[in-house]
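See below for the structure under consideration.
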Amino acid sequence: MPASPRGFVPRAKFNVEPMDGIVIYDFTIVEAPDGKYRVYAPSGKYGSETASLSPEFRNKIISTALLQLDEDLHDQKNHKAA
């Protein structure tokens, strides 16, 4: 995924299941130019917001997504080596 003109690099799109039976699709995790990560909820029609996340929940989503992304990349490398 290409970086934005301001240097933000999308790293992954993913779904979030905050509790059994509720899934929110198409979150995006982005690496900022300062090396920190940000997570964005999907945009609604005409760019409207679809979710508001507390800082604690946002941080939990970021850490979980990065952990899963790291595991997926590790699995891909092992699969290619085999």
_Using the side chain to side chain contact (heavy atoms under 4.5 Å, CB included) definition, which of the options T28, T50, N15 pairs with P42?_
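It is T50, the one option of T28, T50, N15 that forms the side chain to side chain contact (heavy atoms under 4.5 Å, CB included) with P42.
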*State, to 0.1 Å, how close A51 and A41 come at their nearest heavy-atom pair, and which atoms those are.*
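Nearest pair, atom of A51 first, then A41: CB-CB, 3.7 Å.
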*Looking only at heavy atoms, which two atoms of K60 and S63 are closest? And how far apart?*
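Shortest heavy-atom contact: O-OG, 3.1 Å.
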Counting only heavy atoms from other residues, nucleotides and ligands, does the tally under 6.0 Å from [atom1] of [X] exceed 12?
X   : atom1 : result
Y25 : OH    : no
E49 : CD    : no
D34 : CG    : yes

*Side chain to side chain, R11 and V30, heavy atoms closer than 4.5 Å*: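 Answer no - side chains too far apart.
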*Check whether V16 and L53 end up in the same hydrophobic cluster, where Ile, Leu, Val, Met, Phe, Trp and Tyr are linked by side-chain heavy atoms less than 4.5 Å apart.*
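Same cluster.
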*Does one hydrophobic cluster hold both F14 and I62, with members joined at side-chain heavy-atom distances below 4.5 Å?*
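Same cluster.
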Interatomic distance, [X] atom [atom1] to [Y] atom [atom2] [nearest 0.5 angstrom]:
X   : Y   : atom1 : atom2 : value
I29 : Y37 : CD1   : OH    : 7.0 Å
I61 : L66 : CD1   : CG    : 11.5 Å
E31 : R38 : CD    : CZ    : 10.5 Å

